[in-house]
4 protein chains.
Amino acid sequence: MTSSAEPVSRAERKKQELRREIIDAAFDCFAERGYHATGIADVAARLGIGHGTFYRYFQNKRDIVDHVVDDLVGRITGALTAENAPDAVSTLDEYRAQSARIGEALGRIFGEDPRVPRLLLFEAPGIDRAMAERILDLFDLAAALTAAYLSHGVELGYLRADLDVENTARAINGMILGTAISSLRAPEAQAAQSEALRRVMYDGIAAR
Amino acid sequence: MTSSAEPVSRAERKKQELRREIIDAAFDCFAERGYHATGIADVAARLGIGHGTFYRYFQNKRDIVDHVVDDLVGRITGALTAENAPDAVSTLDEYRAQSARIGEALGRIFGEDPRVPRLLLFEAPGIDRAMAERILDLFDLAAALTAAYLSHGVELGYLRADLDVENTARAINGMILGTAISSLRAPEAQAAQSEALRRVMYDGIAAR
Amino acid sequence: MTSSAEPVSRAERKKQELRREIIDAAFDCFAERGYHATGIADVAARLGIGHGTFYRYFQNKRDIVDHVVDDLVGRITGALTAENAPDAVSTLDEYRAQSARIGEALGRIFGEDPRVPRLLLFEAPGIDRAMAERILDLFDLAAALTAAYLSHGVELGYLRADLDVENTARAINGMILGTAISSLRAPEAQAAQSEALRRVMYDGIAAR
Amino acid sequence: MTSSAEPVSRAERKKQELRREIIDAAFDCFAERGYHATGIADVAARLGIGHGTFYRYFQNKRDIVDHVVDDLVGRITGALTAENAPDAVSTLDEYRAQSARIGEALGRIFGEDPRVPRLLLFEAPGIDRAMAERILDLFDLAAALTAAYLSHGVELGYLRADLDVENTARAINGMILGTAISSLRAPEAQAAQSEALRRVMYDGIAAR
DNA sequence: AATGAATGAGTATTCATTCAT
DNA sequence: GATGAATGAATACTCATTCAT
């Protein structure tokens with residue numbers, strides 16, 4: 001009765017905790033051994049729980065990977081909202097600072113843990129058509145965000161007035177993607193990569 | 001014995017032909033239904049051959065996908081060599097023409113048949129670690145080629161002298177990758193994509 | 001300790017009540033969805049109790065179905081004893097009246113609720129050998145009762161003196177069985193069925 | 001080329017043979033251990049084949065039991081057609097002879113191998129609703145046949161003119177059913193059972 | 001050389017039962 | 001006493017691969 005008013009009892013909290021742990025363990029397994037090579041038993045064993053327990057928390061193997069991706073997508077979109085939302089800045093200085101923050105945030109997410117790009121870019125798309133579509137949705141979402149960001153830059157007069165924001169957004173996201181993939185093999189090159197990306201973006205490659 | 005000197009007898013030719021057809025059929029299946037969802041029986045059925053026959057031409061399921069990827073890699077590197085090799089040009093005009101040719105060729109390969117990027121980027125990396133490494137190798141190769149191309153551009157004075165060719169190459173390849181992925185959903189936007197890519201590359205996005 | 005002498009305390013009564021409800025719920029489930037398709041969780045959910053609670057009242061899934069069958073067998077034998085016991089009548093008129101009463105009673109039990117024949121004839125025998133034997137025991141019991149009834153009829157001079165009571169009893173019970181099964185699909189035909197059964201029984205089908 | 005005209009090659013014949021053996025083995029298993037207690041592996045092991053082979057011949061476990069039942073139904077209807085068809089006789093003597101033949105045939109099918117009634121009456125109805133319906137269909141079919149047989153008897157003046165053929169048919173079939181069930185425990189009583197059945201049928205049980 | 005019948009390793013999933021709370 | 005979270009034994013089914021014909 002004391003804490004019955006709170007929406008979460010201790011049992012409920014325990015439950016959410018285990019749910020979280022299962023998602024994490026599944027992420028580990030899928031990223032390390034691959035979705036198809038991972039059995040539910042592997043995920044359960046990693047947590048030291050019975051594999052029947054898994055099915056108390058998730059419908060089936062396909063279900064968990066959706067939640068794993070949800071989780072990653074949440075992390076990424078979290079990095080691109082709030083203070084980093086396209087319209088959260090209004091001066092050039094702020095714009096530049098935001099630009100740097102976004103780069104850093106993405107760099108941290110993708111670069112710190114190579115399992116993130118591995119799962120999202122290498123494992124997920126091959127799971128099935130529905131998942132491939134989810135990843136494409138994610139690219140579309142990212143393109144829309146970047147486009148909004150560019151539009152804002154054009155409005156501020158910071159970027160070229162004739163910029164094709166939509167397609168340029170996709171090109172820039174492609175560069176970020178390339179950085180993420182590079183980081184799978186050469187994590188140490190990430191800073192230089194980001195710098196190169198920024199230079200291409202702002203200055204192009206042509207001699208003046 | 002009579003014709004053992006000749007590299008290819010009629011039987012041998014037949015054999016090579018079927019081998020080729022199996023690779024193509026496997027490509028079709030893998031790209032359309034996915035590697036794991038495709039059975040050897042599906043590939044054989046598409047050709048109207050017995051599925052036992054498959055094993056007379058390829059070791060196993062894993063073997064064939066390697067050959068499918070070989071085939072695609074060959075097509076891509078083919079587009080980037082000969083007249084499009086990094087050092088095949090020596091004037092700015094040639095350099096620009098080559099640049100356009102490469103863009104066109106890649107656009108054709110990736111854009112004309114969405115199954116190519118789908119297999120190479122969405123299916124292959126998730127098959128297993130070895131295949132993921134192959135795809136990363138492919139990215140490295142592409143980066144090396146692009147870097148050589150950029151170096152040449154710098155030497156010619158066409159590109160910025162302080163260009164970080166290695167990392168810029170990866171950024172540019174990332175943009176190409178982004179274009180290829182975009183083409184999965186919006187093939188009609190490809191031309192505009194390429195144009196945006198080129199403008200970013202040569203001019204950057206900043207207002208002057 | 002205080003009321004250990006009394007056979008039923010309030011708690012004990014509660015317990016018996018829930019026990020009864022579990023049996024009924026199990027009967028419902030088994031008859032509607034089938035024994036194998038029914039989970040203990042289904043039975044518990046129907047009562048709104050936790051499925052762990054089930055095991056405080058019954059040993060296991062196999063145990064409960066025994067009790068469900070017990071219950072039905074009790075209902076049936078109840079209809080065939082007391083005033084309907086084979087030797088409860090002594091005149092032809094009483095015999096006839098008893099005959100009608102038995103028919104009515106069985107008709108009510110089997111006909112009113114098709115789940116009774118469904119469980120007893122369709123579900124139970126397939127559960128396992130032991131249960132099949134129980135059902136055969138039930139047939140034997142019914143045959144013995146009917147045989148006693150026929151013997152009595154012979155003694156009263158109401159039935160043919162040369163009647164093979166044992167085997168005729170089984171034949172008659174077979175007809176009742178047939179009626180019960182028919183009622184699964186055509187409950188409305190039950191009265192006509194019973195009439196036809198009686199006519200065959202008493203008059204045969206041959207023209208005179 | 002020699003025998004390519006024949007619809008069945010040796011391979012095809014082999015295939016049909018194994019198919020037949022699987023049905024028989026499944027019948028054995030289902031009748032002896034029960035449908036649910038029987039695994040596909042059991043059926044395969046009984047034949048000394050790999051259990052994967054089973055799936056080359058039947059869709060799934062549910063599929064095979066349908067074929068087993070088909071087989072039994074075929075045997076039974078076979079006994080009730082041709083010379084035993086309701087309208088295959090035209091004189092009283094023939095009618096009686098046919099009656100005896102049918103009794104004999106059914107007695108042989110049900111009595112010789114107790115696994116037949118066990119599977120059909122004890123196992124099949126509890127498998128699932130669809131199978132229960134099949135069994136009810138079988139009862140309906142049998143009732144229709146018996147009714148036709150009785151109608152014919154009425155026309156011939158052999159049976160009571162006021163006979164309720166439909167319901168009487170079901171009563172009679174019930175007696176046959178009773179005999180079949182009895183034979184599970186007392187196969188030796190079958191002849192006496194049949195005789196009692198016939199006497200009830202033709203003469204009734206009442207004293208004259 | 002081609003075939004496809006046979007094979008069985010491998011795996012996702014269910015559900016009766018237990019037991020700590 | 002009641003609960004339901006945890007468990008893992010059990011099993012149907014798939015499909016890559018082999019090999020006799």
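Below, read A as the first sequence line, B as the second, and so on, with proteins coming before strands; counting in each chain starts at 1. Just so it is clear, the structure is predicted and the values come from calculations on it, not from any experiment.
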Short side-chain to backbone donor-acceptor contact, D:Asp42 and D:Gly39, under 3.5 Å: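 Between the backbone of D:Gly39 and the side chain of D:Asp42 there is a qualifying donor-acceptor contact (under 3.5 Å).
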
Polar side-chain atom of A:Thr38 near backbone of A:Gly34 as donor-acceptor pair, under 3.5 Å: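 Looks like yes, one N/O pair under 3.5 Å.
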
Base, sugar-phosphate alone, or nothing: which one does [X] contact when heavy atoms must sit under 4.0 Å apart?
{"X": "D:Gly52", "result": "base"}
{"X": "C:Lys14", "result": "nothing"}
{"X": "B:Tyr57", "result": "sugar-phosphate"}

Closest to side chain of A:Lys61, choosing from F:dA12, E:dA12, E:dA1: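 Of F:dA12, E:dA12, E:dA1, E:dA12 is nearest to the side chain of A:Lys61.
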
Among E:dT3, E:dA6, F:dG1, the nucleotide that comes nearest once only the side chain of C:Lys15 is considered: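 Looking only at heavy atoms from C-beta outward on C:Lys15, the closest nucleotide is F:dG1.
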
Donor-acceptor pair (no angle test) under 3.5 Å: C:His51 side chain, F:dA5 base: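 A donor-acceptor contact between them is present.
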
Could you check how far [atom1] of [X] sits from [atom2] of [N], rounded to whole Å?
{"X": "D:Glu12", "N": "E:dA5", "atom1": "CD", "atom2": "C1'", "result": "12 Å"}
{"X": "D:Ile49", "N": "F:dT18", "atom1": "CD1", "atom2": "P", "result": "21 Å"}
{"X": "A:Ile22", "N": "F:dA6", "atom1": "CD1", "atom2": "C1'", "result": "11 Å"}
{"X": "A:Asp42", "N": "E:dG10", "atom1": "CG", "atom2": "C1'", "result": "12 Å"}
{"X": "D:Arg56", "N": "E:dG4", "atom1": "CZ", "atom2": "P", "result": "10 Å"}
{"X": "D:Arg19", "N": "E:dA6", "atom1": "CZ", "atom2": "P", "result": "13 Å"}
{"X": "C:Tyr55", "N": "F:dA5", "atom1": "OH", "atom2": "P", "result": "16 Å"}
{"X": "A:Asn60", "N": "E:dA12", "atom1": "CG", "atom2": "P", "result": "11 Å"}

Along DNA chain E (nearest heavy atom to each residue), the more 5'-positioned of A:Ile40 and C:Thr38: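 First, find each residue's nearest nucleotide; the 5'-ward one identifies A:Ile40.
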
Residue met sooner reading DNA chain E from 5', once A:Gly39 and D:Gly48 are mapped to nucleotides: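 Looking at DNA chain E, the more 5' nearest nucleotide goes with D:Gly48.
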
Option passing side-chain hydrogen bond (donor to acceptor under 3.5 Å, both in side chains) with C:Gln16 (candidates C:Arg20, C:Lys14, C:Arg13, C:Glu12):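 With C:Gln16 as partner, C:Arg20, C:Lys14, C:Arg13, C:Glu12 yield a single side-chain hydrogen bond (donor to acceptor under 3.5 Å, both in side chains), made by C:Glu12.
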
Residue met sooner reading DNA chain F from 5', once C:Gly50 and D:Arg62 are mapped to nucleotides: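 Taking each residue's closest nucleotide, the earlier one in sequence belongs to C:Gly50.
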
Flag if over 12 foreign heavy atoms under 6.0 Å of CZ, B:Arg33: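 Counting neighbours around CZ of B:Arg33, 12 or fewer heavy atoms of other residues, nucleotides or ligands fall under 6.0 Å, so no.
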
Base-pairing mate for E:dA1 - Watson-Crick or G-U, with both contacts under 3.5 Å: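 WC or wobble partner does not exist here.
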
Pair partner, E:dA20 [Watson-Crick or wobble, under 3.5 Å]: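 Across all strands, the one nucleotide that pairs with E:dA20 is F:dT3.
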
Test: B:Lys61 cationic atom under 6.0 Å from B:Phe30 six-membered ring centre, within 45° of axis: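 The answer is no; the distance or angle limit is not met.
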
